[in-house]
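Working notes for the structure below.
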Amino acid sequence: MDFSIKACDWSKGAANGFLDGKADVKVVGVFEAQTLTGAALEMDLATKGLVTRVVKAGDMSGKAGSTLFLHEVSGIGASRLLLVGLGKQDAFNQKAYGEAVRAAWRAILGTRIAQVTFTLAQLPVLERTGDWAVRTAILALRELTYKFTQMKSKPENGARALKKIVFSVDPADEKAAKLAAKQGLALANGMDLTRDLGNLPPNVCTPTYLGHTAKKLGRDWKFKVEVLGQKQIEELKMGSFLSVAKGSVEPPAFIVMHYQGAGAGKSAGKNAAAPVVLVGKGITFDSGGISIKPGEAMDEMKYDMCGAASVFGTLRAIAEMGLKINVIGIVPSCENMPAGHALKPGDIVTAMNGTTIEVLNTDAEGRLILCDALTYAERFKPAAVVDIATLTGACIIALGHHNTGLFSKDDALAGELLDASREAVDPAWRLPLDDEYQDQLKSNFADVANIGGRPAGSVTAACFLSRFTQSYPWAHLDIAGTAWKSGAAKGATGRPVPLLSQFLIDRAGQ
Ligand code: BES
Ligand code: MN
Ligand code: ZN
């Protein structure tokens with residue numbers, strides 16, 4: 001699909017060529033109380049009052065989410081006009097805009113329309129900018145067209161008809177909107193990668209497969225990728241990570257990706273060198289290990305590598321955007337399986353930084369692999385480290401499926417991530433990380449236990465990680481509730497790639 005931007009000032013009674021431009025459909029909005037938007041008014045003029053007559057007849061009330069195709073329209077440079085209900089004009093906020101845009105795309109995707117002129121992104125959305133509206137519309141369309149078909153034995157029939165979308169924007173927004181379109185496309189491509197990796201079955205998407213994927217990503221987008229195997233991980237003394245991996249016949253992989261958009265070494269700018277490090281949990285299947293999980297929905301534990309997948313997707317997105325920032329992606333990856341040679345409750349393991357950990361529950365494995373990756377991150381002298389993990393079921397209990405759990409002692413970093421989450425419509429909610437909770441991790445036999453009991457399970461998991469992050473600004477994202485959907489629409493969501501990408505866009509000042 002091809003997206004382009006064209007400036008148009010409807011207010012001056014001039015459609016700036018929008019009436020003769022060729023398209024299969026022109027999409028315009030109608031507010032409740034039958035208020036036509038600027039674009040709709042122009043179409044109305046050009047069609048000698050057709051839009052007004054249709055609205056007066058009661059066929060388009062302007063109710064949010066309603067759509068109506070008008071056919072064989074003449075004078076507007078397209079044979080179809082799509083009217084989209086926008087709801088109340090004074091309540092046209094982000095949510096109402098999203099609903100209208102999705103309704104429009106759904107209507108269009110149900111037809112054989114190939115070329116669209118889209119004017120909805122030009123509408124003033126409360127507290128949002130014109131470029132935001134363009135990016136949001138592109139992401140909504142790509143969300144609706146995503147399909148995971150790799151594992152079907154026969155290709156699903158029919159190529160998509162929709163090819164070309166022209167967004168009208170206010171002349172003042174043109175430059176920002178062009179950038180937003182480019183970034184929106186890159187973001188959608190990154191999210192698709194994240195979703196594909198999440199949706200792949202665990203017998204395909206193994207640690208080795210993730211290693212190959214990283215190498216390919218590095219080749220395609222020209223950044224350095226290292227994949228460390230069992231031997232090298234042993235040499236690094238990652239005793240905690242390896243303790244999780246040892247129950248599986250799949251070999252572990254420790255993946256390090258170096259995206260150097262701000263340049264490396266002396267050629268780089270003054271502040272360019274210190275990278276942002278993203279660490280993603282890469283458990284390609286979490287059976288729970290010896291502390292095995294109940295059988296119900298255990299298949300969904302293939303998604304336990306969605307933190308890793310979000311790191312891949314984000315790197316893909318920012319590479320396509322060409323962000324001028326240095327980012328290191330780190331992915332510790334293994335399976336968590338029961339076996340005669342698996343980790344047992346009661347085992348005490350030694351992490352890379354020397355901390356001894358009493359494993360009271362082998363199902364709390366995410367923190368065991370992340371802690372060594374967080375120690376490894378120190379060597380990059382990072383400007384900030386953000387880890388992303390489907391870490392705790394307790395986070396789903398606390399926040400449900402809307403907000404990602406955000407934990408950080410660094411108010412500035414937490415603020416940046418919350419701002420980015422808001423801008424990207426990829427919400428996160430900050431949860432506490434007070435020292436008081438650390439007491440729950442006391443062990444009678446080792447430096448720390450790997451679980452802190454049922455109260456505040458997400459907080460104690462974050463507390464465990466915090467012990468390995470003392471030498472840099474750090475934040476933790478618990479995406480257990482947001483990385484995938486269960487039920488009929490089961491599948492990976494691509495979150496929090498929008499949040500992470502926006503955070504990096506803001507840091508890069510682009
Ligand atoms: N991967 C799970 C967390 C999870 C559970 C994500 C359900 C999404 C849905 C994690 O490894 C885990 O098993 N956590 C345990 C921790 C407990 C043993 C302290 C949990 O949340 O039950
Ligand atoms: Mn687990
Ligand atoms: Zn897990």
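Each ligand, and each atom within it, is numbered from 1 in the order the structure gives. Sequential numbering from 1 along the given sequence is applied to the chain's residues. Predicted, not measured: the structure shown is a model, and the values here were computed from it.
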Does any non-hydrogen side-chain atom of Trp105 lie less than 4.5 Å from one of Glu143? no

So the atoms of ligand 1 within less than 4.0 Å of a heavy atom of Ile396 turn out to be 8 (C), 9 (C)

*Distance-only N or O hit between ligand 1 and Asp304, under 3.5 Å*: yes

Within 4.0 Å of some non-hydrogen atom of Ala480, the atoms of ligand 1 are 6 (C), 8 (C)

Between Asp304 and the Mn ion (ligand 2), is there a contact where an N/O/S atom of the residue lies under 2.8 Å from the metal? no

Nearest non-hydrogen protein atom to atom 9 (C) of ligand 1, with distance, is Met301 CE, 3.5 Å

Any heavy atom of Phe464 under 4.0 Å from ligand 1? The part involved is neither

Problem - Polar side-chain atom of Tyr259 near backbone of Leu323 as donor-acceptor pair, under 3.5 Å - result: yes

Between Gln510 (side chain only) and Lys324 (backbone N and O only), is there a donor and an acceptor less than 3.5 Å apart?
yes

### Query
Salt bridge or not for Asp304 and Lys281, using N-O below 4.0 Å?
yes

* Is a side-chain donor-acceptor pair under 3.5 Å present for Asn199 with Trp484? -> no

### Query
Just checking, is any N or O donor in the side chain of Asp447 or Thr356 under 3.5 Å from an acceptor N or O on the other one?
yes

A student checking ligand 1 against Gly393 at a 4.0 Å heavy-atom cut-off should list atoms 3 (C), 4 (C), 5 (C), 20 (C), 21 (O)

Closest to atom 2 (C) of ligand 1 among protein heavy atoms sits Asp286 OD2, 3.5 Å

The Zn ion (ligand 3) has as its nearest N, O or S atom from Asp286 the atom OD2

among protein heavy atoms, the one nearest atom 8 (C) of ligand 1 is Trp484 CH2, 3.3 Å

Contact (N/O only, under 3.5 Å) between Lys281 and ligand 1
yes

Exercise for review: Please say whether more than 12 non-hydrogen atoms of neighbouring residues, nucleotides or ligands are located less than 6.0 Å from CD in Gln470.
Suggested key: yes

Contact region, Glu300 to ligand 1, non-hydrogen atoms below 4.0 Å, reads neither

Notebook entry, point to check: Between Glu365 and ligand 1, does any nitrogen or oxygen pair lie at a separation below 3.5 Å?
Noted result: yes

* **Salt bridge flag under 4.0 Å for residues Lys95 and Glu99** => yes

Discussion item. Would you say that more than 12 heavy atoms from the other residues, nucleotides or ligands in this model lie under 6.0 Å from the NZ of Lys293, or not?
Written reply: yes

Taking only non-hydrogen atoms of Ile451 and a 4.0 Å limit, the atoms of ligand 1 in range are 19 (C)

Exercise for review: Determine whether Cys205 and Met305 make a side-chain contact, defined as any pair of heavy atoms from C-beta on separated by less than 4.5 Å.
Suggested key: yes

Ligand 1 to Leu391, heavy atom cutoff 4.0 Å, flagged ligand atoms 2 (C), 3 (C), 10 (C), 12 (C), 14 (N)

| message | Between Ile283 and the Zn ion (ligand 3), is there a contact where an N/O/S atom of the residue lies under 2.8 Å from the metal? | response | no

inquiry  = Please check: side-chain N/O of Tyr437 versus main-chain N/O of Cys463, any donor-acceptor pairing under 3.5 Å?
reply    = no

Per residue Asp286, nearest N, O or S atom to the Mn ion (ligand 2) is named OD2

* With a 4.0 Å cut-off, strictly under, does atom 22 (O) of ligand 1 pick up any protein heavy atom? -> no

Salt bridge (Lys or Arg N to Asp or Glu O under 4.0 Å) test vs Arg430 passes for just one of Asp410, Asp478, Asp411, namely Asp411

>> Tell me whether His402 at atom NE2 has more than 12 heavy atoms from other residues, nucleotides or ligands lying less than 6.0 Å away.
In response: no

Residue Asp304, metal the Zn ion (ligand 3), N/O/S under 2.8 Å: yes

Honestly, for Asp363 the part within reach of ligand 1 (heavy atoms, under 4.0 Å) is both

If we number the atoms of ligand 1 from 1 as shown, the ones under 4.0 Å from a heavy atom of Lys293 are 12 (C), 13 (O)

_Are Lys224 and Val256 packed together at the side-chain level, in the sense that at least one heavy-atom pair is separated by less than 4.5 angstrom?_
no

Of all protein heavy atoms, the one nearest atom 16 (C) of ligand 1 is Arg367 NH2, 3.8 Å

message: With a sphere of 6.0 Å drawn around NZ of Lys215, does it hold more than 12 non-hydrogen atoms of other residues, nucleotides or ligands?
response: yes

For the Mn ion (ligand 2), the nearest N/O/S atom on Glu365 is atom OE1

min-distance N/O/S atom, Glu365 vs the Zn ion (ligand 3), resolves to OE2

Ligand 1 to Asn361, heavy atom cutoff 4.0 Å, flagged ligand atoms 18 (C)

